[in-house]
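Since the structure comes first, as structure tokens, the remarks are kept for the end.
We use all heavy atoms of the structure for the numbers below, so side chains are in, but hydrogens, waters and symmetry mates are not.
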Amino acid sequence: MQLTYRGANYEYDIPTVDTIQGEIAGKYRRDRDWNYRYPRHIPVPQKYGSANSTTKQNFQAQQDIAAASSAAATPSSPTLKDIAQVHRAHICSILDRRQQVAKAKGDERLMRLLEIEWKQMAC
């Protein structure tokens with residue numbers, strides 16, 4: 001295919017993929033069939049629900065893992081008070097780190113401001 005971009009002409013060859021036709025996926029334009037297409041080097045997936053379907057086995061394995069992880073998880077969710085404590089501790093740790101950086105740089109003005117903020121937060 002001959003293409004042009006900003007006056008430069010070049011040839012573009014569309015890569016082709018060798019495909020095989022799968023089962024009917026739907027209908028379009030006056031009841032014409034539309035089929036899935038699969039690359040030839042990839043095996044066609046089996047329908048869900050067959051006796052030896054890997055999809056069904058994978059789904060069951062995922063359900064087993066989900067059930068095991070939900071059983072191991074704590075049943076109660078954190079309360080608003082717990083969340084507030086964690087948030088306050090996080091803010092205090094950030095303030096502490098900012099104070100250490102200000103001290104390392106020797107910025108006295110910033111140190112005074114951070115001390116005031118430290119007192120307001122009651123860290």
Non-hydrogen side-chain atoms of Asp96 and Gln100 separated by less than 4.5 Å: yes
Smallest separation among heavy atoms of Glu117 and Arg98, with atom names: OE1-NH1, 3.8 Å
Side chains of Met111 and Asp107 in contact at under 4.5 Å (non-hydrogen atoms): no
Path from Ile14 to Leu3 over hydrophobic side-chain contacts below 4.5 Å: yes
Hydrophobic cluster identity match, Tyr12 and Tyr5, side-chain contacts under 4.5 Å: yes
Same apolar cluster: Leu95 and Val101, side chain cutoff 4.5 Å: no
Heavy-atom check, side chain of Gln2 versus side chain of Glu11, under 4.5 Å: yes
Heavy atoms from other residues, nucleotides or ligands near OH of Tyr10 exceed 12 (cutoff 6.0 Å): yes
Min side-chain heavy-atom separation Gln85-Lys81 under 4.5 Å: yes
Spacing of CG belonging to Leu110 relative to NZ belonging to Lys103, to within rounding of 0.5 Å: 12.5 Å
Lys119, NZ atom: more than 12 neighbouring heavy atoms under 6.0 Å: no
Non-hydrogen side-chain atoms of Glu115 and Arg112 separated by less than 4.5 Å: no
Residue pair Arg37 / Ile20, side-chain heavy-atom distance below 4.5 Å: no
Atom pair OG (Ser93) and CZ (Arg88), whose distance is rounded to the nearest 0.5 Å: 12.5 Å
Other residues, nucleotides, ligands: >12 heavy atoms within 6.0 Å of Leu80 CG: no
Derivation of the side-chain hydrogen bond (donor to acceptor under 3.5 Å, both in side chains) call for Asp82 and Thr79: CA-CA 5 Å; Asp82 296 336; Thr79 63; 3.1 Å; yes
Single-linkage hydrophobic cluster Trp118~Ile91, side-chain heavy atoms < 4.5 angstrom: yes
